[in-house]
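Okay, so here's the structure we're looking at.
First listed ligand is number 1; within each ligand, the first listed atom is number 1.
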Amino acid sequence: MGRIFSGIQPSGELHIGNYLGAVKNWVALQHTAESIFCIVDYHAIITAYEPAQLRQRRREMAIGLLAAGLDPQVCSLFVQSDVPEHTELAWIFNTVTPLGELERQTQFKDKSQRMESVSAGLLNYPILQAADILLYRADLVPVGEDQLQHLELSRVIARRWNAEFAPDTGFFPEPQPKLTPTRRIMGLDGQSKMSKSMGNTIGLLESKDEIWTKLRPAVTDPKRIKKTDPGTPEVCNIYQLHKAFSAPDTVEHVAVQCSTAGWGCIDCKKVLLESMETELVPIRARAERLRAEPSLVDDALATGAGRCRATARETMQGVRERMGFA
Ligand code: SF4
């Protein structure tokens with residue numbers, strides 16, 4: 001059985017883009033391999049932030065992940081800064097990572113262009129990601145396509161470190177991507193990826209009324225101006241959400257009703273809301289229980305961090321021996 005590692009930034013409440021694009025997949029994967037999921041708070045401090053907000057967002061993310069179905073009896077869920085070896089290994093990897101590889105990363109180029117002042121942390125971010133994965137010598141990393149380049153860099157770093165310090169052993173495995181099956185989820189504006197910074201999200205734990213307030217005005221096929229105008233479901237984000245939440249026969253019904261102008265977009269969205277409720281009501285109930293009993297969250301994170309610390313120490317012991325520190 002291989003080992004899976006994946007991380008998520010503590011951006012606060014999970015939204016359905018995170019859920020469909022990553023976390024739902026993690027919930028399934030946790031039963032297939034030894035699985036480690038990390039709330040990567042060191043990654044979240046690359047841009048300006050409020051310490052009190054970071055604390056609260058980390059907590060909210062843990063509640064969201066557990067409510068979504070990560071089971072601390074089955075997988076390890078922990079907060080990155082609770083295992084200091086992540087930053088220790090990141091420093092070591094700094095010394096074997098070519099600067100040119102970092103400067104070539106598309107995400108760095110995109111983000112740095114939009115910033116007045118660029119921190120070394122933004123440039124070195126993929127090195128910390130490599131340390132996150134390789135600290136656990138994970139074989140598989142569930143990722144979206146936008147993370148493939150960073151994962152390739154993790155393999156480069158593993159290769160370079162192995163060549164330098166463990167040429168015969170392949171101490172660090174080269175982690176392989178496990179592409180997330182759901183294509184990227186667009187936001188309610190239908191224009192850009194669902195993301196908190198774009199303000200186009202639906203929170204995973206929002207109430208039915210809150211979801212409807214957002215869903216009702218959400219962008220649909222722009223060609224459906226009047227109810228009698230037939231639409232093209234494939235170009236509509238609401239249809240994509242049906243594919244994620246509705247039963248197959250409902251998805252088929254939506255396609256027919258849309259393309260024949262058999263119903264209006266509000267009818268379509270009402271059906272989507274009910275499909276979402278079927279999946280989200282139990283998640284909200286679990287979140288309520290976790291809020292009522294904070295020790296459940298504390299225990300889950302402490303157990304996860306304990307297990308991960310033991311693995312991390314073992315890896316670092318091997319690293320120190322091979323590098324002349326021990
Ligand atoms: S009927 Fe549904 S799928 Fe068709 S455009 Fe309207 S919201 Fe989108």
Side-chain angles (χ1 to χ4, degrees), residues 8 11-28 64-65 67-69 110 142-147 179-287:
I8 190 164
S11 53
E13 190 189 37
L14 276 173
H15 57 68
I16 61 165
N18 306 133
Y19 174 67
L20 297 173
V23 177
K24 191 172 176 178
N25 189 32
W26 295 359
V27 172
L65 292 171
D110 286 352
V143 280
E145 283 184 355
D146 55 350
Q147 286 296 319
L179 274 176
T180 306
T182 310
R183 45 178 282 187
R184 74 185 191 150
I185 303 298
M186 301 299 282
L188 296 173
D189 52 11
Q191 301 294 315
S192 46
K193 185 179 167 182
M194 187 175 282
S195 114
K196 200 164 172 175
S197 62
M198 300 301 292
N200 61 6
T201 61
I202 294 176
L204 186 67
L205 305 179
E206 284 188 293
S207 70
K208 187 176 184 182
D209 286 349
E210 287 168 329
I211 294 176
W212 183 243
T213 303
K214 291 181 170 180
L215 214 47
R216 197 184 162 95
V219 171
T220 63
D221 176 358
K223 296 219 169 97
R224 290 212 73 190
I225 297 162
K226 297 194 297 292
K227 199 171 171 177
T228 49
D229 294 330
T232 308
E234 283 299 339
V235 305
C236 176
N237 193 33
I238 298 299
Y239 183 62
Q240 301 306 329
L241 291 174
H242 268 294
K243 285 206 224 169
F245 284 108
S246 297
D249 55 343
T250 305
V251 176
E252 216 172 289
H253 182 65
V254 170
V256 172
Q257 292 293 89
C258 176
S259 53
T260 59
W263 66 8
C265 292
I266 290 293
D267 303 313
C268 184
K269 289 172 177 176
K270 281 182 183 161
V271 174
L272 173 62
L273 180 67
E274 293 310 321
S275 299
M276 289 175 73
E277 281 294 285
T278 304
E279 189 153 340
L280 300 184
V281 164
I283 293 176
R284 287 202 291 263
R286 280 197 291 272

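- Contact between T180 and L20 at its shortest, heavy atoms only, is CG2-O, 4.5 Å.
- The nearest heavy-atom contact from the protein to atom 7 (S) of ligand 1 is T220 CG2, 3.5 Å.
- Proximity of R224 to ligand 1 is established by a heavy-atom distance of less than 4.0 Å.
- For atom 2 (Fe) of ligand 1, the set of nearby N, O or S atoms under 2.8 Å includes one belonging to C268.
- A side-chain contact (heavy atoms from CB on, under 4.5 Å) with W212 is found for one member of M276, E206, K269 and no other, namely K269.
- Surrounding CD of E252 are at most 12 heavy atoms belonging to other residues, nucleotides or ligands under 6.0 Å away.
- Heavy atoms of C265 found under 4.0 angstrom from ligand 1 belong to the backbone as well as the side chain.
- K223 has its side chain out of reach of V235: every pair of non-hydrogen atoms, C-beta onward, lies at least 4.5 Å apart.
- Nearest heavy atom pair, residue S195 against residue S197, reads OG-OG, 2.9 Å.
- Looking only at heavy atoms of the protein, atom 4 (Fe) of ligand 1 is closest to C258 SG, 2.3 Å.
- Aromatic ring pairs are classed by plane angle as parallel below 30°, tilted from 30° to 60° and perpendicular above 60°; the pair W263 and H253 is perpendicular.
- Those atoms of ligand 1 with a heavy atom of D221 less than 4.0 angstrom away are 5 (S).
- Atom 8 (Fe) of ligand 1 has C236 among its coordinating residues (N/O/S atom, backbone or side chain, under 2.8 Å).
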